Chemist: 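Structure in structure tokens, see below.
Just so we're on the same page: letters track the sequence lines, and every chain starts at 1. Note that the structure is a prediction, hence the values are computed from the model and not measured.
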Number of protein chains: 4
Amino acid sequence: METYKIYLAGNFTDSTTYLDVLNPFDNKRIARAGQADEKQLELAIQLALSVQGEVAQLPSWKKYKILMEIAEKMQDSHRHLSELLALEAGKPWRYAKGEIDRAIQTFVVAAEEAKRHPGELLSLDWTPAGEGKQGIVKYFPVGLVAGIAPFNFPMNLAVHKLAPAIASGCPIILKPSTSTPLSTLALAKIIDETDLPKGAVSIMPMDRKTGNLLVTDDRIKLLSFTGSPAVGWKMKSQAGRKKVLLELGGNAGVIVTNSADLETAVKKCVAGAFAYSGQVCIHSQRIYVENGVFDQFATRFVELAKNLKRGAPENPDTEISAMIDEANAMRVEDWVNEAVEEGAKLLCGGQRDGSYYPPTVLTETKPAMKVCALEIFGPVVTLEPVDSFEQAVAEINNSDYGLQAAVFTNSIQQMDYAHRHLEVGGVIINDITTFRVDHMPYGGVKNSGLGREGVKYSMFEMMEPRLLVK
Amino acid sequence: METYKIYLAGNFTDSTTYLDVLNPFDNKRIARAGQADEKQLELAIQLALSVQGEVAQLPSWKKYKILMEIAEKMQDSHRHLSELLALEAGKPWRYAKGEIDRAIQTFVVAAEEAKRHPGELLSLDWTPAGEGKQGIVKYFPVGLVAGIAPFNFPMNLAVHKLAPAIASGCPIILKPSTSTPLSTLALAKIIDETDLPKGAVSIMPMDRKTGNLLVTDDRIKLLSFTGSPAVGWKMKSQAGRKKVLLELGGNAGVIVTNSADLETAVKKCVAGAFAYSGQVCIHSQRIYVENGVFDQFATRFVELAKNLKRGAPENPDTEISAMIDEANAMRVEDWVNEAVEEGAKLLCGGQRDGSYYPPTVLTETKPAMKVCALEIFGPVVTLEPVDSFEQAVAEINNSDYGLQAAVFTNSIQQMDYAHRHLEVGGVIINDITTFRVDHMPYGGVKNSGLGREGVKYSMFEMMEPRLLVK
Amino acid sequence: METYKIYLAGNFTDSTTYLDVLNPFDNKRIARAGQADEKQLELAIQLALSVQGEVAQLPSWKKYKILMEIAEKMQDSHRHLSELLALEAGKPWRYAKGEIDRAIQTFVVAAEEAKRHPGELLSLDWTPAGEGKQGIVKYFPVGLVAGIAPFNFPMNLAVHKLAPAIASGCPIILKPSTSTPLSTLALAKIIDETDLPKGAVSIMPMDRKTGNLLVTDDRIKLLSFTGSPAVGWKMKSQAGRKKVLLELGGNAGVIVTNSADLETAVKKCVAGAFAYSGQVCIHSQRIYVENGVFDQFATRFVELAKNLKRGAPENPDTEISAMIDEANAMRVEDWVNEAVEEGAKLLCGGQRDGSYYPPTVLTETKPAMKVCALEIFGPVVTLEPVDSFEQAVAEINNSDYGLQAAVFTNSIQQMDYAHRHLEVGGVIINDITTFRVDHMPYGGVKNSGLGREGVKYSMFEMMEPRLLVK
Amino acid sequence: METYKIYLAGNFTDSTTYLDVLNPFDNKRIARAGQADEKQLELAIQLALSVQGEVAQLPSWKKYKILMEIAEKMQDSHRHLSELLALEAGKPWRYAKGEIDRAIQTFVVAAEEAKRHPGELLSLDWTPAGEGKQGIVKYFPVGLVAGIAPFNFPMNLAVHKLAPAIASGCPIILKPSTSTPLSTLALAKIIDETDLPKGAVSIMPMDRKTGNLLVTDDRIKLLSFTGSPAVGWKMKSQAGRKKVLLELGGNAGVIVTNSADLETAVKKCVAGAFAYSGQVCIHSQRIYVENGVFDQFATRFVELAKNLKRGAPENPDTEISAMIDEANAMRVEDWVNEAVEEGAKLLCGGQRDGSYYPPTVLTETKPAMKVCALEIFGPVVTLEPVDSFEQAVAEINNSDYGLQAAVFTNSIQQMDYAHRHLEVGGVIINDITTFRVDHMPYGGVKNSGLGREGVKYSMFEMMEPRLLVK
């Protein structure tokens with residue numbers, strides 16, 4: 001049984017308390033991980049501040065070198081990191097491997113963006129007052145960053161905080177999810193081998209009370225949180241003067257139109273709905289299909305949903321495995337049962353088995369049902385027919401969330417209408433809501449978040465403009 | 001005695017309560033102004049929301065036309081607007097006229113920027129996952145904006161909220177200062193004559209309690225506040241999910257080096273220190289002079305400070321007039337007296353006369369004194385010698401504020417050092433801290449604020465990016 | 001009979017020879033215009049060079065003021081300028097008025113872009129060699145510009161040289177077409193009333209031999225030519241070290257697909273084909289219609305083409321008038337007759353009447369026929385059915401020209417395919433090839449030209465980047 | 001004796017004629033290199049065109065992978081490539097190694113820029129004509145590129161053509177210098193191992209007559225030439241419709257002011273003047289020193305110049321070696337002797353020894369002397385005192401060339417004056433004229449060239465914008 005120590009400002013340190021990290025599939029303990037206490041967090045903050053100036057002044061070639069070295073070493077440890085991630089998160093092997101690929105890419109993108117900080121040259125002589133003067137806007141690191149990462153993409157969503165912080169020149173303290181701390185603690189070993197000044201990165205699981213100091217401590221200049229809306233928005237109100245970046249959840253909607261390539265749409269929707277048991281912020285939760293193709297779509301969709309291969313996460317054939325824990329599977333079960341009681345019709349799925357919940361398709365739902373209105377974070381999707389494209393857009397907007405939406409269409413008009421009217425952060429044409437590449441701007445509106453991630457965009461948040469007038 | 005009605009979503013409406021607006025110079029009543037009550041605010045919000053979609057879809061040529069028409073009509077009413085402003089704010093005529101000029105320019109810049117919304121084209125094929133796809137990022141108006149403006153630049157700082165909101169396609173409700181509501185209510189008449197949809201703009205003085213609804217109401221998507229730090233930061237914690245833009249105060253520092261053109265530096269510093277009695281966010285409050293030229297600088301500075309012409313605001317010769325009210329003059333008096341008691345030396349000024357406070361110069365101060373550490377917002381400046389440029393930078397950074405700083409030097413190295421190390425929003429070389437043109441990014445770090453204004457920059461805050469992947 | 005003098009570096013000067021300017025509709029003389037001889041051109045060059053430094057250093061607010069003043073005075077003289085243009089060019093009144101509107105807009109855009117010169121801030125520390133350094137790229141005016149404008153849009157295509165030159169800080173010598181010099185000489189009077197340094201602009205008709213000095217003189221740093229390909233490409237080879245910007249002709253193609261809104265497509269195509277008798281660089285010359293809708297399209301197209309109202313240019317109802325001269329009408333007649341002899345079928349038109357040539361529609365043409373392969377610059381269009389979208393794209397690319405192309409479709413795939421594969425400067429979706437707004441990048445590839453106009457893009461050509469490394 | 005075959009569209013092919021490649025230091029033959037004849041060039045063009053479409057459509061991740069693989073394999077062969085380069089060019093080992101480093105960096109930068117093609121989103125609704133429309137500008141590869149590279153940086157200046165062509169999606173035919181073809185033919189082997197479609201790159205020495213077909217052939221869309229002004233400008237006139245990018249020579253000037261750090265300035269100036277025997281386009285040829293420090297500067301400069309270590313190129317200690325051939329050394333000797341005869345004073349150097357020419361310093365020269373007015377391309381520098389900074393700027397501008405200039409100063413005013421007034425492509429503050437990093441814009445004005453290289457900037461030239469209006 002391996003023990004993963006916390007990474008405190010360049011030291012792998014013992015803890016006063018340890019977490020048992022379980023495989024969600026069989027609830028067996030995989031390893032132990034240390035937790036930072038308040039004193040250790042205080043030390044991490046102080047050490048981070050002590051190297052803040054040094055980190056801020058790193059030339060871009062050094063940041064590039066460090067970030068590329070991390071990417072290369074992750075590539076060298078690809079198998080090990082994928083395994084850790086599959087086991088701690090119960091994530092099917094194919095998705096675990098894909099997440100490590102993406103985390104590597106996130107570091108590569110950050111390496112490149114470290115050389116491309118924004119900057120602006122302004123003529124100031126628009127009025128006589130500025131005659132002879134010019135403005136130069138450069139972007140400087142904001143200072144100490146706190147990152148809080150969730151369980152569902154324990155590696156890549158953490159890397160979306162770590163890599164931009166390094167590229168921006170900010171020290172960072174990362175709190176991984178207490179369910180899934182192993183992969184980032186393994187990453188800490190890789191980071192530790194580089195020339196990055198010790199103290200620039202700390203990676204430390206901690207309990208909620210300690211973690212909340214990351215929200216309230218005034219020496220931290222930016223909080224980047226990925227997690228649930230309720231927690232996120234509360235943090236915003238407690239964050240004092242610091243900047244806050246929130247990547248929260250959603251109940252992403254999909255529109256399938258008469259002009260869509262139907263087989264493509266079905267296949268992509270099945271993936272969007274059930275990959276990693278729907279435990280994805282941009283999981284496709286609500287699918288609206290134009291009347292003309294609804295029956296055909298629904299039949300084929302249910303057929304494919306039923307055939308997804310259930311299995312252990314480490315099995316290469318597995319398409320769907322256990323949820324993160326039984327409590328979540330029970331919550332999903334309750335919501336589905338409640339919907340069915342209120343009149344929804346179950347097209348497939350619906351039978352929980354411990355922490356496993358099968359691919360489940362509902363129809364004849366109402367917008368106010370939890371399966372529609374809240375973020376289900378499970379392998380459940382609603383399928384509803386619509387009379388028109390505009391109605392489908394209105395249905396998607398009829399929600400408190402706004403992260404991403406997908407539209408299957410070949411119509412220019414519908415594409416433009418969707419871009420103008422869908423109240424979300426991203427509109428995906430002819431692909432699924434879960435589409436994300438790591439350099440694109442990503443984030444939600446309404447209840448789904450504040451600000452954007454995506455390396456360059458996170459970096460922009462992690463820096464302050466400073467105008468020089470001369 | 002004229003009565004200025006509130007401008008509620010396209011109607012000039014009667015109020016349940018009225019404010020007396022006084023000339024700070026002689027405390028005579030200039031006019032009465034209506035105040036909105038909670039019901040009226042609710043109506044303004046509802047009417048704003050009812051035209052939100054229409055405002056968001058305005059083509060850029062219409063927004064350009066509306067904004068340029070406002071600018072032209074302000075030019076036609078230049079004298080009238082300048083008078084109102086001079087009287088309500090006690091602002092010397094030369095500065096009042098200058099402010100109207102700048103507000104006109106702010107509208108012109110907004111007209112142009114209405115045609116230049118940001119946008120981005122992204123190749124997404126950095127990995128095979130994105131092959132064949134591209135990303136288009138467009139910026140959409142965030143929704144209803146609330147603006148809260150201060151007394152000291154009652155016109156232009158309000159216009160820095162109104163003009164970007166119109167240019168972005170957001171409806172806006174503006175709360176002017178209750179001391180100085182007349183000039184913006186006069187502007188409302190001009191706005192009302194344009195083709196802007198009624199409801200897109202409301203301009204309404206209101207009491208604090210009503211005004212606080214602008215902070216807490218969830219239908220408002222962005223709050224742009226200019227005012228004091230204490231109020232601003234509290235608003236941030238109460239603002240719920242909305243975005244918050246804070247333009248707060250400072251205690252701006254100046255460095256005068258041995259290589260500076262001394263006569264230029266003195267003259268600009270006198271203006272920066274005493275213009276509008278220092279009631280300016282970027283008022284020069286702390287001047288650090290290299291030892292080699294300190295005595296010469298101080299002698300000449302005091303000489304010019306003493307010779308500033310006191311008078312009524314409407315007199316074209318007046319260089320300094322009354323402060324906004326006697327309470328503020330008394331506060332300044334207290335701080336200066338306290339500093340002197342604690343060992344500071346008065347080089348000139350220091351004798352209050354009702355709401356008038358004279359140009360006052362202190363030396364031998366300590367950083368912890370209120371005249372150094374807090375925002376004095378009065379005609380008081382501290383002059384201190386420094387041994388080195390680096391020490392001067394450290395002194396400026398030794399403050400909770402960080403708005404703008406000025407450096408008088410001809411050294412490339414010092415300029416670059418200042419840009420890299422001064423913890424402020426803007427570093428002004430060879431001009432004074434109060435330098436601002438209306439299209440430059442403007443705003444502070446640390447206690448001085450959050451985000452940037454400056455038309456294009458405010459517009460950026462007032463919009464949300466929405467990615468299209470196709 | 002009015003005489004228009006040449007505008008030589010701030011002076012309206014007598015000439016040794018004069019041109020008779022005729023109304024193409026009735027061949028009556030409208031006015032006389034001076035021509036510059038070689039000595040006068042030499043003087044214009046010398047005077048331009050003498051103010052080159054002054055023009056280059058103009059602050060942007062002055063350039064803005066000058067350009068906006070020109071726009072406003074053109075608006076005041078709108079009727080007069082439209083009349084001159086209609087008469088000298090034989091351009092129907094509606095189009096003449098529209099051209100003056102656009103020329104005004106071109107000045108407004110230039111005024112705004114004068115404040116927005118490009119500029120770039122570069123981090124140079126991508127390798128240790130650049131550590132501690134940064135780069136600042138500013139754009140400086142290239143020097144003296146020569147502009148040569150054609151007869152067909154005598155005002156706006158000249159303004160597309162004049163306005164960017166002023167906005168860039170370059171002096172310019174403009175040679176208008178000898179057929180249509182009056183409107184730009186009238187514009188010279190407006191320019192002369194502004195504060196632009198005398199010498200910065202000369203507007204002078206001249207004969208070919210004198211005009212050729214604009215191509216060969218080494219003191220001129222950029223030649224911007226709009227005209228025929230043969231002349232343009234020859235100029236490129238004679239231009240020495242100067243930069244050359246060529247806006248030449250084309251035989252623009254249109255694709256009408258099965259998914260198009262057919263009535264819209266027909267109406268827009270008729271306008272694209274016959275407006276100003278097709279004497280437009282981006283005149284729609286070749287229309288490819290998918291088989292499924294060809295007959296319907298052709299029938300309706302011919303119907304509308306036949307009903308266009310012929311008349312005098314100054315008549316507000318006139319839709320089509322005389323061509324610029326009888327020689328051109330005869331050339332068009334020859335090409336059409338030759339096509340018919342080689343097997344093409346005439347669907348309407350084809351009968352010349354003096355310098356009038358009617359709206360003419362051909363089908364069953366072959367790519368090698370002059371009416372297809374060359375630029376017809378007359379009111380003639382070919383209509384051909386195609387089996388597929390890809391075939392239509394291939395047909396358009398099967399040409400030596402590549403200016404603009406239009407595609408009527410509602411398919412995202414076809415739009416993307418067209419953007420990727422059509423070898424042209426601009427692809428217009430659901431509008432006609434003649435679509436142009438004055439701030440968009442405009443220009444051709446292949447035989448159709450070199451470089452782009454469109455204010456900002458012309459300005460980019462008229463400036464040189466200069467890197468500062470510090 | 002190794003034979004290097006030409007690389008013809010993916011094949012290493014035999015030639016009808018071969019070149020002997022000599023070590024300039026001892027005139028011993030190093031290797032033989034093939035030369036392409038006209039038929040082989042024709043074949044290379046045809047094969048390039050046959051893959052043009054495939055190359056243009058490569059996704060960015062493939063281009064990134066190919067370019068990074070080249071960079072990595074060059075790193076693996078670093079020693080071999082450095083040796084080849086040192087021997088064929090007679091380049092001292094330290095500089096040869098540095099050039100390979102830079103060529104690797106050029107590929108890395110190109111890999112990154114392959115993912116960052118320019119693109120622009122335009123609102124078109126600035127007038128009612130564009131209401132509801134938007135513009136999307138994408139950049140597409142221009143087509144087949146011809147590159148002609150010089151002897152002095154045989155690797156990196158060739159890579160500045162190859163890498164951007166690949167990153168842009170253009171096939172390229174590269175003609176290396178016939179004196180120094182070995183390093184690029186070795187690079188061809190590395191390129192050949194990647195997945196780049198065969199035909200996309202040809203690297204082939206050829207004689208002038210054959211090479212001239214690269215200039216005149218109309219199927220080639222862009223010519224990128226680095227070499228002498230006389231040849232370059234002639235090519236421009238013969239290039240037909242293709243775009244031409246010229247990187248020509250100069251007589252770069254340096255200003256050393258009273259405020260400069262003198263020891264730093266001297267050391268950098270010695271390097272700028274004599275590195276690789278001044279056979280560098282941006283070699284420091286004319287040094288202007290303010291009167292106050294002239295004597296001190298001159299004394300120290302001559303002292304260091306005399307102490308440069310002469311030796312064989314492959315010797316790690318060598319600082320200066322033979323020139324490229326004796327003809328060039330004799331030309332330099334003639335120019336120096338001529339200057340001395342006309343009154344110039346020799347401070348050191350001046351004695352030729354075969355193809356070796358020593359570090360030579362002249363003073364009391366006149367601007368019309370060849371050593372000042374022409375590009376000497378040898379280890380000769382002129383030192384002249386000036387009365388003022390402005391005079392020094394005027395002296396530098398008093399030349400037909402304008403590539404780069406260096407200014408040693410600590411004055412902000414002088415820096416700004418230099419940036420505004422020096423007629424060059426790049427102004428280097430406190431470093432030498434030879435400063436270049438590979439991602440910065442690089443190129444000259446006046447006789448020194450047309451357009452800019454520097455990966456991103458070359459790529460911009462190698463692409464055409466194509467507007468989509470929808």
Chemist: Could you have a look at B/Arg116, B/His117, B/Gln57 and say which one has the most heavy-atom pairs with chain D under 4.5 angstrom?
Modeler: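 Highest number of heavy-atom pairs under 4.5 Å: B/Arg116.
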Chemist: Out of D/Gly130, D/Ser60, D/Ala114, which one racks up the most heavy-atom pairs below 4.5 Å with chain B?
Modeler: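 Result: the option with the highest number of such pairs is D/Ser60.
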Chemist: Quick check for you: among D/Ile136, D/Asn410, D/Leu122, D/Val137, which has the greatest number of heavy-atom pairs under 4.5 Å with chain B?
Modeler: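 Option with the top pair count is D/Asn410.
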Chemist: Kindly give the heavy-atom pair with the smallest separation between D/Leu121 and B/Glu120, and that separation in Å.
Modeler: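 That would be CD2-N, 3.8 Å.
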Chemist: Measure across D/Pro59 and B/Asp125 and return the closest heavy-atom pair with its distance rounded to 0.1 Å.
Modeler: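 Of all heavy-atom pairs spanning D/Pro59 and B/Asp125, the closest is CA-OD2, 3.3 Å.
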Chemist: Taking side chain as everything from C-beta outward and backbone as N, CA, C, O, which of these in D/Ser411 sits under 4.5 Å from a heavy atom of chain B? Side chain, backbone, both or neither.
Modeler: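 Contact with chain B is through both the backbone and side chain of D/Ser411.
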Chemist: Closest approach of D/Ile429 and B/Ile412, non-hydrogen atoms and distance?
Modeler: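 So the minimum-distance heavy-atom pair works out to CG2-CD1, 4.0 Å.
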Chemist: Contact part of B/Gln134 toward chain D, heavy-atom cut-off under 4.5 Å: side chain, backbone, both or neither?
Modeler: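 Only the side chain of B/Gln134 comes within 4.5 Å of chain D.
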Chemist: If I compare all heavy atoms of B/Trp126 with all of D/Trp61, which pair ends up nearest, and what's the gap?
Modeler: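 Here B/Trp126 and D/Trp61 meet closest at O-CB, 3.1 Å.
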Chemist: So for D/Gln413, is it side chain, backbone, both, or neither that comes closer than 4.5 Å to the heavy atoms of chain B?
Modeler: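 Both backbone and side chain of D/Gln413 come within 4.5 Å of chain B.
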Chemist: For B/Pro118, which atoms come within 4.5 Å of any heavy atom of chain D: side chain, backbone, both, or neither?
Modeler: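 For B/Pro118, there is no contact with chain D at all, as no heavy atom is under 4.5 Å.
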Chemist: With respect to chain D, which residue among B/Lys62, B/Glu131, B/Lys65 yields the maximal number of heavy-atom pairs within a distance under 4.5 Å?
Modeler: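 The residue among B/Lys62, B/Glu131, B/Lys65 with the greatest pair count is B/Glu131.
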Chemist: With only heavy atoms counted, which part of B/Ser259 is less than 4.5 Å from chain D, the side chain, the backbone, both or neither?
Modeler: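 Interface part for B/Ser259: neither.
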